[in-house]
Q: 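If you scroll down you'll find the structure; I have some questions about it.
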Amino acid sequence: MTSTHPAVTDTGIRPRPGRWIALTVLVLAVLLVAVDATVLGLATPFLSEDLKPSGTQLLWIGDIYSFVIAGLLVSMGSLGDRIGRKKLLLTGAVAFGGVSVLNAYASTPEMMIVARALLGVAGATLMPATLALIRNLFHDPRERSLAIGIWGAMASAGAAVGPVVGGFLLEHFWWGSVFLINLPVMAVLVLVGIRTLPESKNPAPGPWDLLSVALSLVGVVGVVYAIKEAAAHGAAWDVAVVAVAGVAALYWFVRRQLTLPAPLLDVRLFHHRGFSGAVLADLLTILGLSGLVFFLSQFLQLVQGRGPLEAGVAELPAAIGAVVTGLLAGRAARRFSVRAVVAGGLAAIGVPLAVMTGLSASTGYPVLGAVLLLVGAGAGFSFTVTADVILSSVPKEQAGSASAVSETAYELGAALGIALLGSVVTGVYRDFATPPGIPEATAAQAHQSLGGAVDAAATLPGPAGADLLTAAQGAFVEGLRLASGLGAAVLLATAVAAWFLLRGQKLDDGVEH
């Protein structure tokens, strides 16, 4: 049992008073970023109706936020190590609140894409700072495991509570309100954070290399964009050019880090098998999960006819599973082993995803609820332990960079998952056979997105509208089944890989000096 009182430890290190209050501020930041990522999925049908985005624009609205975060996390984590993590966190919080207003009042698909990209820039300042500050607040590894468990549990809870809060707002206000809820949360975060958070940074950080910042952003966004476009529209020369440019930028980035006296990211960290295994587990877990999460809200609303609030509540078992296992993960990893908990967690996500290959429009909620509960439980075990392994593998001075690697894997996995699995769903959906007698313009609208099909069906008389909607819903479910099968294959393969990569890996037990 870990004490929360500032008694002197066996090594003479006095735990920081107020560290648990400070943790609540960090949890608030991560809660907000997680809520923002999932609430958009629930608002998609309303946003589609208002802004009329094409299918491709809708995917960009969904994943540009993750693209930009993934491209900037390493740079922002390194910046926090240099200028101070508290300063970066609070500055990012103010920016996040301001840009949320721009998202709420976007009036065109293009404006919405730009607003989401800017929100990604602000979000990139928040995530690595929260995890790095935990590393510096908690010197006792068991306390730190519990703190990371709470941090991870709240991230998962935010991902599932977001739809409930969003559902309530969408039933009473317009879709922009799901972004305006960020403002009061950010105000509390800044006011409390100024008083309770300690400043921490690398005492000898070296300069912030702007060329490395540009290379990491161009490399990550270029590669992810190329994968997304190739999956959605097939290979083309312009996509190949972007892919080559992205790979070249990443190669140059790695070579540059090896020569800089104070690199943005110490790529030698990847020589540590536990570090590499944990990062890979994070990346592929989210890749397998994200397609399901992104499209499940649409399935619950547009296929099964649930209201936004009901759909949000229906996704709560994932949060419950993640919160419970996130809090138990550190203890379980010490009692059994890191590899058993991570591999078991990954398998616990893969198996229910495989069950989703039997999904149909009439699938009952007990099956969906059980799937979500198991997925959440598996994610809680896996993410908490991998985050702990990543943070424990590096010196405190590099906590921001290591946290950024962890978060980059998470966000890159989300972007790739939505791009690849989302493109599978979209590709299957667009090929559905239009029932006879449907006007060409109406059929074209229906093939853009499922939300477009619902709107198009509403304009047709009698059986024609019902036939069109049934065909569109059937194609969407078929795409979701295929994406779930691919996700399951990725997760189960990752579970096997984690078992070998994390062999012999242990969580720390000794208190740090």
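Excluded from the calculations below are hydrogen atoms, water molecules and symmetry mates; all remaining heavy atoms, backbone and side chain alike, are included. We number each residue from 1, following the sequence as shown.
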Q: For Ser212 and Gln257, work out which heavy atoms get closest and say how close.
A: OG-NE2, 2.9 Å
Q: Which atom pair, heavy atoms only, marks the closest approach of Ser484 to Thr357?
A: C-CG2, 4.3 Å
Q: Who are the side chain to side chain contact (heavy atoms under 4.5 Å, CB included) partners of Arg255, not counting sequence neighbours?
A: Tyr251
Q: Would you indicate whether the side-chain heavy atoms of Lys86 and Leu90 approach each other to under 4.5 Å?
A: yes
Q: Does Val324 have any side chain to side chain contact (heavy atoms under 4.5 Å, CB included) partners at least two apart in sequence or in another chain, and if so, which?
A: Leu328
Q: I need the Leu126 CG to Thr91 OG1 distance, nearest 0.5 Å.
A: 10.0 Å
Q: Do the side chain of Ser276 and the main chain of Arg273 share a donor and acceptor less than 3.5 angstrom apart?
A: no
Q: Less than 4.5 Å apart, any side-chain heavy atom of Leu89 and any of Thr125?
A: no
Q: Can you tell me how far the CG atom of Leu491 sits from the CD1 atom of Ile349, to the nearest 0.5 Å?
A: 5.0 Å
Q: Would you give the length of the straight line joining atom CZ of Phe138 to atom CG of Leu146, rounded to the nearest 0.5 angstrom?
A: 8.0 Å
Q: Given 3.5 Å as the limit, does a donor-acceptor pair link the side chain of Thr384 with the main chain of Phe381, or not?
A: no
Q: Would one find more than 12 heavy atoms of other residues, nucleotides or ligands at under 6.0 Å from atom CD1 of Ile21?
A: no
Q: First locate atom CD1 of Ile148, then atom CD1 of Ile390, and finally report the distance between them rounded to the nearest 0.5 Å.
A: 9.5 Å
Q: If you compare all heavy atoms of Ala93 against all heavy atoms of Leu189, which two are closest, and at what distance to 0.1 Å?
A: CB-CD2, 3.9 Å
Q: Counting only N and O atoms by type, is there a donor-acceptor contact under 3.5 Å from the side chain of Ser382 to the main-chain atoms of Gly378?
A: no
Q: Check whether any side-chain heavy atom of Val221 sits under 4.5 Å from a side-chain heavy atom of Leu217, and report yes or no.
A: yes
Q: Residues two or more places apart in sequence or in another chain: which of them pass side chain to side chain contact (heavy atoms under 4.5 Å, CB included) with Ala495?
A: Leu346, Ala347
Q: Grab the two heavy atoms, one from Val223 and one from Gly246, that are nearest each other, plus how far apart they are.
A: CG2-C, 3.7 Å
Q: Any side-chain heavy atom of Asn103 within less than 4.5 Å of one from Asn182?
A: no
Q: Can you check whether Ala377's main-chain N or O pairs, donor with acceptor, with Thr325's side chain at less than 3.5 Å?
A: yes
Q: Taking all non-hydrogen atoms of both residues, which atom of Thr386 and which atom of Ala281 are closest, and how far apart?
A: CG2-CB, 4.1 Å
Q: Please find the pair of heavy atoms, one from Gly350 and one from Ala488, that lie closest to each other, and give the distance.
A: O-CB, 3.4 Å
Q: Run the side-chain contact (heavy atoms from CB on, under 4.5 Å) check on Leu502 and Val385 step by step: do they pass?
A: CA-CA 11 Å; Leu502 297 174; Val385 175; over 6 Å; no
Q: Are side-chain heavy atoms of Trp20 and Ile150 found at a separation under 4.5 Å?
A: yes
Q: Distance check, rounded to the nearest 0.5 Å: Ile134 atom CD1 versus Arg85 atom CZ?
A: 12.5 Å
Q: Checking Ala117 now: which residues fulfil side chain to side chain contact (heavy atoms under 4.5 Å, CB included) with it, not counting sequence neighbours?
A: Ile64, Val68
Q: Under the 3.5 angstrom rule, does the side chain of Thr259 hit a backbone N or O of Arg256 as a donor-acceptor pair?
A: yes
Q: Under the salt bridge (Lys or Arg N to Asp or Glu O under 4.0 Å) test, which residues partner Arg195, sequence neighbours left out?
A: none
Q: So, using ring pair (Phe, Tyr, Trp, His ring centres under 6.0 Å) as the criterion, who are the partners of Phe270 when residues are at least two apart?
A: Phe275
Q: Should we say atom CH2 of Trp208 is surrounded by more than 12 heavy atoms from elsewhere, each under 6.0 Å from it?
A: yes
Q: Is there side-chain contact between Val375 and Met356, with heavy atoms separated by less than 4.5 Å?
A: no
Q: So, taking the atom named CZ in Phe96 and the one named CZ in Phe179, what distance separates them when rounded to the nearest 0.5 Å?
A: 9.0 Å
Q: Just wondering, do Val94 and Met186 contact through their side chains at under 4.5 Å, heavy atoms?
A: no
